[in-house]
Amino acid sequence: MLKKIFRVIYEYAAITFGSLLVALSLNLFLVPNKIAAGGFSGIATVVYYVSHYKLPVGMTMLALNIPAFILGVRTIGVDFGVKSVYGTVILSVLTDITTFVPCITYDKLLASVFGGALMGIGLAIVLLFGATTGGTEMLAKIIHKFISFISVGQILLGLDVAVIVLASIVFKNYELGLWAVLTLFACSKLIDAILEGVNFAKALIIISDKSDIIAEKILKELDRGVTGLHGVGMWTRTEKNVLLCVVKRHEVSRVKNLVKSIDQRAFVILTDVREVLGEGFSV
């Protein structure tokens, strides 16, 4: 029982920390530079300046999220869970609490890249612990209910673009829209890197008449597993083994050189592997 309580405390502490990073990304980089990178935070940034700093960004986000949650429950009956409600509320509160922190830079490039990266790290932490911070994702799901032929991701992208365009028009500065796109890119890349891992492996598909010799060398010299797949050359109708080998990035050049030394005519396909589970890799 005590272990479960500590686990819950740990999870909510992590969600709080992730939300704090998102809040800091807004106050340290994005809001002071009028970079509205989509979502409710982007709308809240526009409202903040239109109201002449009278309507705080955090409370505006919360005000936007409340009807979105209610409409979502009525429309699609989504079970948000306590964590997501907590994440939404705590982000809004922390955004307004941390307004005292000074802006680090007014260079739009630095603000876009580092603001997006910090936001991505924060959101990834929140997502890792099974929560969300609300936002336009809920609207996207609601809209998808009525136009199911368009994916939620496409609708979400459309909403973010709409917010960016709106901000550009309101601020009468279309360069801000371009900076916002860069912020979104940096944010999404950091989220993917944390959720899916940055240490991508590489998969090599090797087609050679000397596959047995190549496989033996990889097994002995690199200590990497190799799987032989049955293949048929559709032009020659010749049966041959196709080798599948997954290695770490720094081992790619060794495999390529090894294959080249054995068979100059070998056909090698190299591709990224997001995640590998098993001996020699993640477990």
Side-chain angles (χ1 to χ4, degrees), residues 3 6-7 10-11 13-15 17-18 21-22 25 113-114 116-132 151-154 156-157 182-283:
K3 185 177 180 181
F6 279 121
R7 176 63 183 175
Y10 173 70
E11 289 177 350
I15 294 170
F17 178 67
L21 294 183
V22 177
S25 74
V113 174
F114 284 94
L118 187 60
M119 178 177 286
I121 294 171
L123 289 174
I125 293 173
V126 172
L127 292 171
L128 277 173
F129 287 88
T132 67
S151 70
V152 173
Q154 290 173 329
L156 185 59
L157 177 61
L182 180 59
T183 301
L184 275 178
F185 179 79
C187 179
S188 63
K189 286 298 180 181
L190 261 294
I191 291 175
D192 289 343
I194 293 173
L195 294 183
E196 299 178 11
V198 294
N199 296 318
F200 301 152
K202 296 285 186 177
L204 295 101
I205 299 174
I206 306 167
I207 303 174
S208 169
D209 292 328
K210 300 179 180 179
S211 58
D212 290 343
I213 300 174
I214 294 173
E216 185 178 358
K217 288 283 187 180
I218 293 175
L219 288 168
K220 291 183 177 180
E221 295 185 14
L222 297 182
D223 194 27
R224 283 295 176 194
V226 185
T227 301
L229 308 174
H230 179 264
V232 178
M234 298 309 295
W235 178 257
T236 62
R237 299 292 176 178
T238 303
E239 295 188 0
K240 60 181 66 179
N241 285 326
V242 178
L243 302 180
L244 173 62
C245 180
V246 178
V247 298
K248 295 180 178 178
R249 284 187 294 183
H250 68 271
E251 297 173 321
V252 171
S253 60
R254 293 182 61 190
V255 177
K256 290 164 63 177
N257 291 334
L258 184 150
V259 173
K260 187 177 181 180
S261 68
I262 298 172
D263 184 2
Q264 293 275 352
R265 301 182 62 185
F267 191 78
V268 180
I269 301 172
L270 181 65
T271 184
D272 287 329
V273 177
R274 284 285 183 175
E275 186 176 15
V276 184
L277 303 178
E279 187 176 350
F281 293 92
S282 302
V283 292

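The CD1 atom of Ile218 sits 12.0 Å away from the CD1 atom of Ile213 when rounded to the nearest 0.5 Å. Summarising the geometry, atom CD1 belonging to Ile121 is positioned 4.5 Å from atom CG belonging to Leu190; distances are rounded to the nearest 0.5 Å. To the nearest 0.5 Å, the span separating SG on Cys245 from CD1 on Ile205 amounts to 11.0 Å. Rounding to the nearest 0.5 angstrom, the gap separating the NZ atom in Lys248 from the CZ atom in Arg254 is 12.5 Å. With rounding to the nearest 0.5 angstrom, the CD1 atom of Ile125 is 11.0 Å from the CD1 atom of Ile191. Taking CD from Glu251 and NZ from Lys202, the interatomic distance works out to 13.0 Å, rounded to the nearest 0.5 Å.
In terms of heavy-atom proximity, Leu118 sits nearest to Leu21 at CG-O, 3.5 Å. Among all heavy-atom pairs drawn from Ala117 and Ala186, the shortest one is N-CB, 4.0 Å. Between Val246 and Arg224, the closest heavy-atom pair is O-CD, 3.9 Å.
Remark: Phe17 pairs with no residue by the ring-ring contact (aromatic ring centres under 6.0 Å, His included) rule, at least two apart or across chains. For Lys220, the salt bridge (charged side-chain N to carboxylate O under 4.0 Å, His left out) partners at least two apart in sequence or on another chain are Glu216. A search for ring-ring contact (aromatic ring centres under 6.0 Å, His included) contacts involving Phe129 returns Tyr10, not counting sequence neighbours. In this view, Ala215 and Val226, Leu243 satisfy the side chain to side chain contact (heavy atoms under 4.5 Å, CB included) rule, not counting sequence neighbours.
Pairs of residues two or more places apart, or lying in two chains, that qualify as side chain to side chain donor-acceptor pair (under 3.5 Å) and include a residue from residues 121-132 are Ser84-Thr132. Applying the salt bridge (charged side-chain N to carboxylate O under 4.0 Å, His left out) test to every pair with at least one member in residues 229-243, sequence neighbours left out, gives these pairs: Asp209-Lys240.
Val242 pairs in a side chain to side chain contact (heavy atoms under 4.5 Å, CB included) with only one of the listed residues (Val232, Leu229, Ile269, Thr227), which is Leu229.
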Criterion side chain to side chain contact (heavy atoms under 4.5 Å, CB included) on Val126 and Val22, from CA distance to verdict | CA-CA 10 Å; Val126 172; Val22 177; 5.5 Å; no
Stepwise side chain to side chain contact (heavy atoms under 4.5 Å, CB included) check, Ser208 with Val259 | CA-CA 9 Å; Ser208 169; Val259 173; 5.8 Å; no
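For Asp223, the CG atom counts as loosely surrounded, since its 6.0 Å shell holds 12 or fewer non-hydrogen atoms of other residues, nucleotides or ligands.
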